[in-house]
Amino acid sequence: MSEWRLTVGMEIHVELETKTKMFCGCANDPFHSDANTNVCPVCYGLPGALPLINKEAVAMVIRFGRAIKADIAPKTFWARKNYFYPDLPKGYQISQSTLPLVDGGQITIDGETYHLNHAHLEEDAGKLSHSADKTHSLVDYNRAGVPLLEIVTEPDFHTAEAAKKFCQELQRIFRTLKISSADMEKGQMRCEANISVSKTDVLGTKVEVKNIGSFRMVEKAILYEYDRQIEALEGGEKLRQETRGWDDVKGKTVVMRTKETSADYRYFPEPDLPMVATSLDAVETTHILPDEQRAKLAELGLHKEVIGAVVDKNGFALVMELAGKDKDMAIEAGKLFLAIPKFAELDQENQEALLNLRKQNGWPKDTVAEIVEKAVTEGKSIEKIAPEFAQNEDLSGVVKDVINKNQKQVEEYKAGKEVVFQYLVGQVMAATKGRANIQQVRDELKKALGNTNS
Ligand code: ZN
Ligand code: MN
């Protein structure tokens, strides 16, 4: 008996971080404003309000399409997707149906290539929050009209892990292209999976799973559906094409509704928006996608984990720039992205300054971590912070030296002869030619003598 084969296609929605919304001038700022403050007649869908196309959003989608080697539609075409929901004030969503901006395209991850069917631009809905006692719900339209890119893949995934990795890679791509932070926790990126099983080349009945709130859940939901569908089929049941939701608490999918077909949405051309010719000229396409970044970093001899950290933390530009002048420093930089998470929060200038000063001062990793922490929390430059660490490092070295050279006095001090402490302070002061701060010398010396005790 042949094995059940899993087939998955992904649908991913991502909010584009444009300055304004998709069809009006309201701020695209759903996370930092009081409810229903970034709204206007277009957002509310009031009669007579006319939408305008956001050029920045179209450019972002073209940038994405070109980066993944897709075809770009020669003009924009919009359609109304009709359905009722309280978070959708117009009663329809402006989307793209027959002519998506991005046609095809492919993404390669470590030698595996996955294909897109298309990607299109649309608008997000508002956000509902339900009261804990279930007596009422509130709606915030700040999110209504935020540009949304929907990506639909071919059914190219045959393991849950591959689907998860693809979603993670997409997030890296969005960040590399600077079109979205694609934070799943904030709902900026939302994944849905179309899952089926079959023993033949003919695909089985597909079930769509929504409400997947994290990459981990992508994998769990697919694995659960795989088992559920096989069990149903082997028990003689017929699967229905339906939409299910992932319940992470129960660890299972539950039926939401039987699948609507596109006819249910009564798509028709949006009469208020013109067709506008797209242009590829103004769209920057020099970005290096994560997969190519990984290949280039591997050529430098970086370890796989280090490469992952560099790509995830947007450190590729720094490492490659350093590689041109000082390969060892480039490798050190890569390791810092892995070892010290906050290193990525410094800008490139400060990262370079820190690496140079580290080389001069011979700071160990712990000291570097301390400096990074201070620079990030206090918002100061590395140049400003470094001097105090430079001195401390010098001082602790001198103190160690003095202790090593005066073992007899150290023994006496430890036996209770307190007065010897002053002698040791004097030795350190002499070694620094009187430049050290005497209180720091005392502290450093006490610390060092305490350490040798243990
Ligand atoms: Zn508006
Ligand atoms: Mn959609």
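Numbers here are sequence positions counted from 1. Whatever order the structure lists them in is the order used to number ligands and atoms, beginning at 1.
The SG atom of Cys24 and the SG atom of Cys26 subtend an angle of 110° at the Zn ion (ligand 1), given to the nearest 10 degrees.
In summary, Glu122 places an N/O/S atom under 2.8 Å from the Mn ion (ligand 2), meeting the contact criterion. At a cut-off of 2.8 Å, His120 does not coordinate the Mn ion (ligand 2) through any N, O or S atom.
Under the 3.5 Å distance criterion, with hydrogens and angles disregarded, no donor-acceptor pair is assigned to the side chains of Glu150 and Gln96. A side-chain donor-acceptor contact under 3.5 Å links His120 and Glu122.
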Criterion salt bridge (charged side-chain N to carboxylate O under 4.0 Å, His left out) on Lys206 and Glu208, from CA distance to verdict: CA-CA 7 Å; Lys206 76 174 175 188; Glu208 183 180 11; over 6 Å; no
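Residues Arg80 and Asp272 are in side-chain contact: their nearest non-hydrogen atoms beyond the backbone lie under 4.5 Å apart.
Looking at Glu150, its N, O or S atom nearest to the Mn ion (ligand 2) turns out to be OE1.
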